[in-house]
Amino acid sequence: MSVDDEATVRLGDGTEQADEPGWEVDPNDDWALAVVATVGRQLKLRREAAGMRAAEFATAVGYGEDMVYKVEGGKRIPRLDYLDAADRLLDAGGLLSAMKEDVKKVRYPKKVRDLAQMEARAVELQLYDPLNVHGLLQTPEYARGLLMMRRPSYSKDEVERFIAARVARKAVFERDPAPELSFVLEEWTLRRPLGGRANLRRQLEHLLEVGQSRTVELQVMPMDREEHAGLAGGIEVLKFQDGSMVGRSPVVAYGRPVSEPKQLRILELRYGIIRAQAFTPRESAAFIERLLGET
C-alpha cells in the first residue's frame with residue numbers, strides 16, 4: 001500500500017473506510033508539526049524495537065497500514081485511541097498514552113491555542129461579541145448548536161474538536177488569583193434558541209451562575225438602545241501583569257491582534273462607551289432572570 005493513498009481506519013468487521021478530515025497537521029503551525037513529528041518518531045522506534053512490521057502493527061491496532069506510515073512520518077495526527085492501543089501493544093508503560101494531552105492541543109486550531117495562551121496570562125479581559133454569547137461563556141450544548149448552524153457544515157469530528165477547544169479555554173475562570181473579566185452581551189443573542197429552548201435555558205442559567213463571581217461582570221446591551229458604539233464589530237482587550245496589552249477587533253488591522261497604543265486606545269474607547277450604554281451588571285442579572293422565566 002502506498003503512503004500517498006488515502007488514510008484509512010479499519011472497522012470492527014475488518015473493512016476499511018476513509019479517515020475523517022481534520023487530522024492533518026497545519027503546515028503553518030510549527031509547534032504542532034514538532035509535536036506530531038516527535039510522537040511519530042517515538043511510535044516508530046518502539047514498533048521497530050518490538051520487531052513488528054508496519055502491516056502487522058496496523059492489523060493489531062485496527063488501523064490501515066497507510067495510517068501507520070503517515071502517523072510515524074509526522075503527516076497525520078494520531079487518534080487518542082491509537083496511542084492507547086499502541087501503548088498496550090508495545091508495552092510502553094503509559095509513555096505513549098501520556099502524549100495524548102499534547103496531541104489534544106495539536107487538534108485545536110492554532111488561533112484558538114494562541115488565544116488561550118494569551119487569556120491564560122491576562123490579568124484583565126474586556127470582551128464583546130455582537131453576534132453570539134462569547135465563547136468563554138458558552139455551554140457545550142450552546143456551542144454545539146451554534147457550530148451546527150455553520151454552512152457549509154462542519155463534520156461531526158470538527159464540531160467536537162471546536163467544542164473541546166472552547167471548553168479548554170474556560171480554565172481562565174479557575175485561575176488563582178482569578179483575572180478580572182468583563183463581558184458585554186447583546187440581548188438578541190440571549191433570546192435566540194440555538195439548538196432548542198432547553199439549550200437556551202441552560203445557557204441563561206450558566207450566565208447567572210458565572211455572573212455571581214466577584215471577578216466577573218456581565219452586562220447586557222438591550223435591543224431598544226438608540227445609541228450603540230459596537231456596531232462595527234466585536235472587541236477583545238487583554239491586559240497583562242507587566243502593563244502590556246493586546247487587542248483584537250475585525251475592524252482594526254483586519255482582525256489581527258494589535259499592541260500599538262493608538263489602536264488599543266480606539267478599542268478601549270469603544271468598549272468603554274459600549275459598557276456605559278449597556279445595562280449595569282445588577283440590571284443585567286435581573287434581565288437574564290426575566291428571560292429565563294420567559295424561556
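Atoms considered below: every heavy atom in the structure, side chains included; atoms not considered: hydrogens, waters and symmetry mates.
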Sidechain N-carboxylate O distance under 4.0 Å for Arg201, Glu205: yes

When rounded to the nearest 0.5 angstrom, what is the spacing between CG in Asp91 and CZ in Arg46? 9.0 Å

Would you say that more than 12 heavy atoms from the other residues, nucleotides or ligands in this model lie under 6.0 Å from the CE of Met148, or not? no

For Gly234 and Pro250, which heavy atoms make the closest approach, and how far apart are they? O-CD, 3.3 Å

Heavy-atom closest pair (Phe173 atom, Val210 atom, distance to 0.1 Å) is CE2-CG1, 3.9 Å

Exceeds 12 heavy-atom contacts within 6.0 angstrom, atom CD of Glu294: yes

Pick one: which of Arg270, Arg275, Glu186 meets side-chain hydrogen bond (donor to acceptor under 3.5 Å, both in side chains) with Tyr128? Glu186

Can you name the closest pair of heavy atoms from Pro140 and Val167 and give their distance? CG-CG2, 4.1 Å

Judged by atom type as modelled, is there a donor-acceptor pair below 3.5 Å linking the side chain of Lys170 to the main-chain atoms of Gln138? yes

For residues Val71 and Tyr63, determine if any side-chain heavy atom of one lies less than 4.5 Å from a side-chain heavy atom of the other. no

Would you give the length of the straight line joining atom CE of Met52 to atom CZ of Phe57, rounded to the nearest 0.5 angstrom? 6.5 Å

Taking Arg197 for its side chain and Thr295 for its backbone only, find out whether a donor-acceptor pair lies under 3.5 Å. no

Do the side-chain N and O atoms of Ser244 and Asp242 include a donor-acceptor pair separated by under 3.5 angstrom? yes

Give the C-alpha distance, both sets of side-chain angles, the deciding distance and a yes or no for salt bridge (charged side-chain N to carboxylate O under 4.0 Å, His left out) between Glu119 and Arg175. CA-CA 11 Å; Glu119 290 170 347; Arg175 285 169 44 195; over 6 Å; no

Can you see which heavy atom on Pro78 is nearest to which on Val103, and at what distance? O-CG1, 3.4 Å

Treat each ILVMFWY residue as a node, draw an edge where side-chain heavy atoms are under 4.5 Å apart, and state whether Val133 and Leu208 are in one component. yes

Which heavy atom of Ala178 sits nearest to which heavy atom of Thr215, and what is that distance? CB-OG1, 3.8 Å

Check step by step if side chain to side chain contact (heavy atoms under 4.5 Å, CB included) holds for Asn199 and Thr139. CA-CA 8 Å; Asn199 282 355; Thr139 64; over 6 Å; no

So, using side-chain hydrogen bond (donor to acceptor under 3.5 Å, both in side chains) as the criterion, who are the partners of Glu101 when residues are at least two apart? Lys104

For the pair Glu187 and Arg191, evaluate salt bridge (charged side-chain N to carboxylate O under 4.0 Å, His left out) and give the outcome as yes or no after the intermediate values. CA-CA 7 Å; Glu187 175 187 345; Arg191 291 184 177 275; 2.7 Å; yes

Does Leu231 share a hydrophobic cluster with Val252, counting links as ILVMFWY side-chain heavy atoms below 4.5 Å and allowing steps through other members? no

Identify the heavy atoms of Pro179 and Leu125 that sit nearest to each other, and give their distance. CB-CD1, 3.9 Å

side-chain hydrogen bond (donor to acceptor under 3.5 Å, both in side chains) partners for Asp84, two or more places apart: Ser97, Lys100

Are Arg53 and Glu65 close enough that some pair of their side-chain heavy atoms sits under 4.5 Å apart? no

Find the distance between NZ (Lys156) and CG (Leu147) and round it off to the nearest 0.5 Å. 14.5 Å

